[in-house]
Q: 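One structure follows; several queries about it will come next.
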Amino acid sequence: MFLDRVKILIKAGNGGNGSLSFLRTKLTMNGGPDGGDGGKGGDIVFRASQNMNTLYTFRFKKKFHAENGLDGKQQLKTGASGKDLVIDVPCGTVIIDAESNKVIADLSEDGQTFVALRGGAGGHGNAYYKSSVKQAPAFSQTGVVTKEKQVILELKTIADVGLVGYPNVGKSTLLSVISNANPKIANYPFTTLYPNLGVVEVQGQTFVVADIPGLIEGASEGAGLGHYFLKHVERVRLIVHLIDASEADGRNIFDDYQKINLELEKYSKELAKTPQIVVFSKIDELGEQELQQKIDAFEKKTGIKPMAISAILHEGVEQLKNKILERLVKIPKKPPVKVEKFDFDKVDNTSLEIKRENNTFIVEGGKIDNFVRGIVLDDPRSFAYFQNTLQEMGIIELLKQKGLKNGDIVKIKDIEFEWIE
Ligand SMILES: Nc1nc2c(ncn2[C@@H]2O[C@H](COP(=O)(O)OP(=O)(O)OP(=O)(O)O)[C@@H](O)[C@H]2O)c(=O)[nH]1
Ligand SMILES: [Mg+2]
């Protein structure tokens with residue numbers, strides 16, 4: 001089964017919690033704070049791999065969570081960072097944010113990576129909060145908890161040349177002869193069920209050829225395997241259109257040629273405009289004279305002189321490779337997929353909003369999220385630190401500007417307290 005579009009869930013690792021600990025040895029009964037910081041969570045990284053050519057591996061596994069950072073420990077030990085999770089995808093995979101439908105990455109080159117989500121930061125241990133005025137901070141910070149996101153992976157085969165034609169005309173055989181690819185070949189239609197790629201070397205240059213499943217009349221309405229796979233040749237620069245010159249099974253060279261072109265056009269005007277090299281295949285099945293007659297007749301009717309090959313006898317194949325290269329150098333590369341520049345994994349640590357409902361003031365926003373992570377309300381020192389920081393951040397001032405007075409309630413995330421001057 002070929003899979004070229006799949007939705008998956010990804011989540012970077014949470015940050016580890018900071019540790020709350022005090023040094024205690026035989027000699028020091030009440031030593032200083034020695035709680036270490038939590039470790040950072042692992043990132044989610046996508047990596048393009050030329051060893052994969054479908055998204056099949058994502059059929060059953062759809063959840064990808066990177067490792068969490070570990071909690072800090074006593075004796076100032078920082079928790080271990082979570083391991084990054086590297087997700088391999090085939091070259092040509094486009095990553096789309098499922099929420100906004102924006103393309104966030106286009107992984108085309110082998111080995112290319114993209115960090116989709118960053119792991120949560122670890123929380124500070126209580127040792128971090130030690131200062132000249134606060135010798136024994138009795139609180140530590142929790143790690144950042146990351147959110148799960150949905151992304152769509154879509155595979156768009158990247159090839160310079162697409163092999164197009166009716167089923168059984170010898171497309172896969174040709175690919176196996178001219179490239180390093182090893183596609184399945186058999187004497188029945190629809191042997192090829194998903195695109196195969198091969199790298200062709202000629203005159204010290206290389207190009208990539210894609211062999212796609214055979215097309216038939218009505219493919220654009222879903223006949224045969226449908227025109228579904230044409231999206232894999234949408235980005236090719238040159239089409240090699242194969243026609244079975246032996247006209248076996250009642251086929252006809254003119255008819256085949258026209259019908260395939262019509263299907264290309266129905267799929268997209270752009271694809272119909274892509275330059276073509278027309279090739280007669282299986283010429284070993286014909287006598288020399290018969291072949292020449294067919295070539296002449298074809299040229300007379302269409303104005304195109306087809307090339308002629310026998311893939312199994314390797315006849316005409318070198319000429320075809322040279323011709324492809326000669327044409328390719330003159331055709332500019334198609335522009336890559338447009339990747340939208342927007343921060344998919346944006347961490348908000350600046351926004352701040354104060355809402356008032358009668359005598360209750362609600363403080364919200366990324367600016368306070370970070371700092372509230374460490375507060376233990378029933379610990380007086382922790383609470384004092386909390387109030388000081390609110391003062392330092394200018395939040396108390398803002399609250400007062402909004403009318404905060406003695407006895408009012410302030411709500412900050414899960415924390416709720418009465419304001420007393
Ligand atoms: N006589 C002859 N037979 C060939 C030649 N090339 C391919 N064939 C045979 O034609 C049959 C179909 O070949 P494939 O390469 O699988 O054809 P395809 O176009 O990829 O077919 P689909 O994947 O079904 O669309 C096989 O039995 C091949 O051995 C050729 O040059 N001469
Ligand atoms: Mg095939």
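Both counts, for ligands and for their atoms, begin at 1 and track the order of listing. What you see below is based on every heavy atom in this structure, not just the backbone, and it leaves out hydrogens, waters and symmetry mates.
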Q: If you take all heavy atoms of K11 and K147, which pair is closest and at what distance?
A: CG-O, 3.9 Å
Q: Let me know which protein residues bring a heavy atom to under 4.0 Å of ligand 1; chain then number is fine for ordering.
A: P167, N168, V169, G170, K171, S172, T173, I185, A186, N187, Y188, P189, F190, T191, T192, G214, K282, D284, E285, S310, A311, I312
Q: Would you give the length of the straight line joining atom CD1 of I8 to atom NZ of K62, rounded to the nearest 0.5 angstrom?
A: 9.0 Å
Q: Look at D211 together with K171 and state whether they make a salt bridge at an N to O cut-off of under 4.0 Å.
A: no
Q: Looking at K102 and D97, is there a salt bridge between them, counting it only when a charged N and a carboxylate O are closer than 4.0 Å?
A: no
Q: T57 vs D88, test: side-chain contact (heavy atoms from CB on, under 4.5 Å). Steps then yes/no.
A: CA-CA 10 Å; T57 46; D88 280 323; over 6 Å; no
Q: Do the side chains of D255 and K259 get close enough for a salt bridge, i.e. N-O under 4.0 angstrom?
A: yes
Q: Between S172 and the Mg ion (ligand 2), is there a contact where an N/O/S atom of the residue lies under 2.8 Å from the metal?
A: yes
